[in-house]
Q: 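This structure is in structure tokens; I'll ask about it shortly.
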There are 2 protein chains.
Amino acid sequence: MIIQLDMQSDVPIYTQLMNQIIEGIARGDLKLGEALPSVRGLASDIGVNLHTVNKAYNLLKQEGFIQIHRQKGVVIQPDGMPEVTPEYELKQYNQLRPIIAEAICRGMTKEQLLQNIEQVHKEIMYNGKGNA
Amino acid sequence: MIIQLDMQSDVPIYTQLMNQIIEGIARGDLKLGEALPSVRGLASDIGVNLHTVNKAYNLLKQEGFIQIHRQKGVVIQPDGMPEVTPEYELKQYNQLRPIIAEAICRGMTKEQLLQNIEQVHKEIMYNGKGNA
DNA sequence: GCATATGTTATACTACAACTATAACAGATA
DNA sequence: TATCTGTTATAGTTGTAGTATAACATATGC
């Protein structure tokens, strides 16, 4: 699992970390129960501070994607991923809305949009072997 | 055109403003060439500072959604909306990617996802009369 | 011409988020 | 006992978001 960070991006490092780990799980690159690097180890690897990694880990834990054991370290949630809850659907809705609005503004057809979604979906699912 | 702001949101006010104006254009609520309130007027209406509105307007201008005339004020770009450029497609791709990855993680099927997209699309398009 | 409304620019300030830098603590393991 | 783990505390820097005033430049209406 290789982490790619863009230090010039306006997306915070801890958010990039969260996204990459979630995508890693989605593509099956990270299996359920699999261990993640320690906060110090990962921080040192990617050249950021311990607290930046810690923040990403704690947010992922809070959302149910990982477990943090006091001394064993961090593992991908072994009991399965968080469900599609109403709260999550609302979050997704609010994320999608401005994106779709801009697409409509620019004259992108619904079919083009759906095709783009399918394309991204395929890229995530079939670069690994799909989700566990 | 009613602006709804969430002061508690972690989304910056100027971003919320941009999103709402873009969505207003998408639903046809704001027509091409239509005038927008002055920076001072809108700022006073929604109870924020002049510079916050100014920032939103200038970013919208920079992306080609509006025109700003020195004295006439601000109008929705009359010559048509910005196109679907390669840069825009890349931006959209980077926006969609983490959203879709999380959906996959949570076990949402591609069909559910596409259905949600269509739902949002429909809500935007048919609450107004669709794009001009 | 003059007042007024427009966007623009400048300055300064507060508040907060992101990130870094150290240091120390607590618990489990070799 | 030494070491590795996550955790917590403190503090500092940097940048963004937002506010508060003030002034400037230009076009419009009376």
Side-chain angles (χ1 to χ4, degrees), chain A residues 1 3-22 30 33-78 94 98, chain B residues 1 3-22 30 33-78 94 98:
Chain A
M1 175 74 184
I3 301 282
Q4 285 285 14
L5 291 184
D6 179 0
M7 294 309 202
Q8 314 310 319
S9 169
D10 56 337
V11 179
I13 297 175
Y14 73 90
T15 303
Q16 293 184 48
L17 273 176
M18 293 178 66
N19 286 343
Q20 298 226 4
I21 290 172
I22 290 176
L30 296 171
E34 183 172 337
L36 288 176
S38 71
V39 286
R40 287 179 177 81
L42 182 51
S44 151
D45 270 9
I46 60 186
V48 301
N49 189 273
L50 163 165
H51 291 101
T52 304
V53 175
N54 195 244
K55 183 169 185 178
Y57 276 178
N58 272 294
L59 287 169
L60 286 171
K61 167 190 163 195
Q62 193 175 311
E63 297 185 15
F65 291 102
I66 65 177
Q67 276 185 2
I68 302 182
H69 294 95
R70 187 90 189 177
Q71 281 322 335
K72 296 176 188 169
V74 179
V75 298
I76 306 298
Q77 178 72 18
N94 287 323
Chain B
M1 174 72 185
I3 301 280
Q4 284 286 13
L5 290 185
D6 178 0
M7 293 309 200
Q8 313 311 320
S9 169
D10 56 337
V11 179
I13 298 175
Y14 73 89
T15 303
Q16 293 185 48
L17 273 176
M18 291 179 68
N19 287 341
Q20 298 226 5
I21 290 172
I22 289 176
L30 296 172
E34 182 171 339
L36 289 176
S38 71
V39 286
R40 285 179 179 82
L42 182 51
S44 151
D45 270 8
I46 60 185
V48 302
N49 189 273
L50 164 165
H51 291 102
T52 304
V53 175
N54 195 245
K55 183 171 185 176
Y57 276 178
N58 271 294
L59 288 168
L60 286 171
K61 167 189 163 195
Q62 192 175 312
E63 296 185 16
F65 291 100
I66 64 176
Q67 276 185 2
I68 302 182
H69 295 96
R70 186 92 191 178
Q71 281 323 337
K72 296 176 186 169
V74 179
V75 298
I76 305 297
Q77 178 71 259
N94 287 322

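Letters A, B, ... are given to chains in the order of the sequence lines, protein chains preceding strands, and every chain is numbered from 1. Values in this document were obtained by computation on a predicted structure and should not be read as measured data.
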Q: Look up atom CD1 in Ile46(A) and atom CD in Gln4(A), then write down how far apart they are to the nearest 0.5 Å.
A: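 It comes to 11.0 Å.
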
Q: Check the distance between dT8(D)'s C1' and Tyr57(A)'s OH and give it to me in whole angstrom.
A: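 Distance check: Tyr57(A) OH to dT8(D) C1' gives 19 Å.
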
Q: Write down the distance between CD (Gln8(B)) and P (dC16(C)), rounded to a whole number of angstrom.
A: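 So the CD-P distance, Gln8(B) to dC16(C), works out to 12 Å.
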
Q: Nearest to the side chain of Tyr14(A) - dG6(D), dT20(C), dA18(C)?
A: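 Between dG6(D), dT20(C), dA18(C), the one nearest the side chain of Tyr14(A) would be dA18(C).
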
Q: Find out whether Leu17(B) and Leu60(B) are in side-chain contact, i.e. whether some heavy atom of one side chain is under 4.5 Å from a heavy atom of the other.
A: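 The answer is no, as the side chains (C-beta and beyond) never meet within the 4.5 Å cut-off.
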
Q: Students often get this wrong, so: under 4.0 angstrom with heavy atoms, is His51(B) touching a base, only sugar-phosphate, or nothing?
A: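 Base contact.
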
Q: Report the nucleotide, chosen from dG7(C), dT8(D), dA17(D), that has the shortest atom-to-atom distance to any side-chain atom of Asn54(A).
A: dT8(D)

Q: Would you classify Asn58(A) as touching base, sugar-phosphate or nothing, given that sugar-phosphate means primed atoms plus P, OP1 and OP2, and contacts are heavy atoms under 4.0 Å?
A: sugar-phosphate

Q: Does Lys72(A) or Gly47(A) map to a spot on DNA chain C nearer the 5' end, using the closest nucleotide for each?
A: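 Checking each residue's closest nucleotide, the 5'-ward one belongs to Gly47(A).
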
Q: Using the side-chain heavy atoms of Asn49(A), tell me which of these nucleotides is nearest: dT20(C), dA17(D), dG6(D).
A: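 The nucleotide sitting nearest to the side chain is dT20(C).
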
Q: What is the distance, rounded to the nearest whole Å, between atom CG of Asp10(B) and atom P of dA17(D)?
A: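 Interatomic distance, CG of Asp10(B) to P of dA17(D): 12 Å.
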
Q: dG7(C) P sits how many Å from Leu42(B) CG, rounded?
A: 10 Å

Q: Taking only side-chain N and O atoms of Lys55(B), does any of them lie within less than 4.0 angstrom of OP1 or OP2 on dG18(D)?
A: no

Q: Sub-3.5 Å donor-acceptor pair from the side chain of Gln16(B) to the main-chain atoms of Val11(B), do we have one?
A: yes

Q: Rounded to whole Å, how long is the line connecting atom CD of Gln16(A) with atom P of dA18(C)?
A: 12 Å

Q: Starting the side chain at C-beta, find the nucleotide from dG18(D), dC19(C), dT8(D) nearest to Thr52(A).
A: dC19(C)

Q: For Thr15(A) and Arg70(A), take the nucleotide of DNA chain C holding the closest heavy atom to each; which residue's nucleotide lies nearer the 5' end?
A: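 By nearest-heavy-atom nucleotide position, the 5'-most residue is Thr15(A).
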
Q: With nearest nucleotides of DNA chain D determined for Met7(B) and Pro37(A) from heavy-atom distances, which residue corresponds to the more 5′ nucleotide?
A: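 Upstream on the strand: Pro37(A).
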
Q: Using whole Å, report how far CD1 of Ile13(A) lies from P of dA18(C).
A: 11 Å

Q: Would you kindly give the CZ-to-C1' distance between Arg40(B) and dA22(D), to the nearest whole Å?
A: 10 Å

Q: Rounded to whole angstrom units, what separation is found between the CG atom of Leu50(B) and the P atom of dA10(C)?
A: 15 Å

Q: With distance as the sole test, does Asn58(A) use its side chain to make a donor-acceptor pair with the main-chain N or O of Asn54(A) at under 3.5 Å?
A: yes

Q: Can any side-chain N or O of Gln67(B) pair as donor or acceptor with the backbone N or O of Pro78(B) at less than 3.5 Å?
A: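 Not confirmed, Gln67(B) side chain does not pair with Pro78(B) backbone.
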
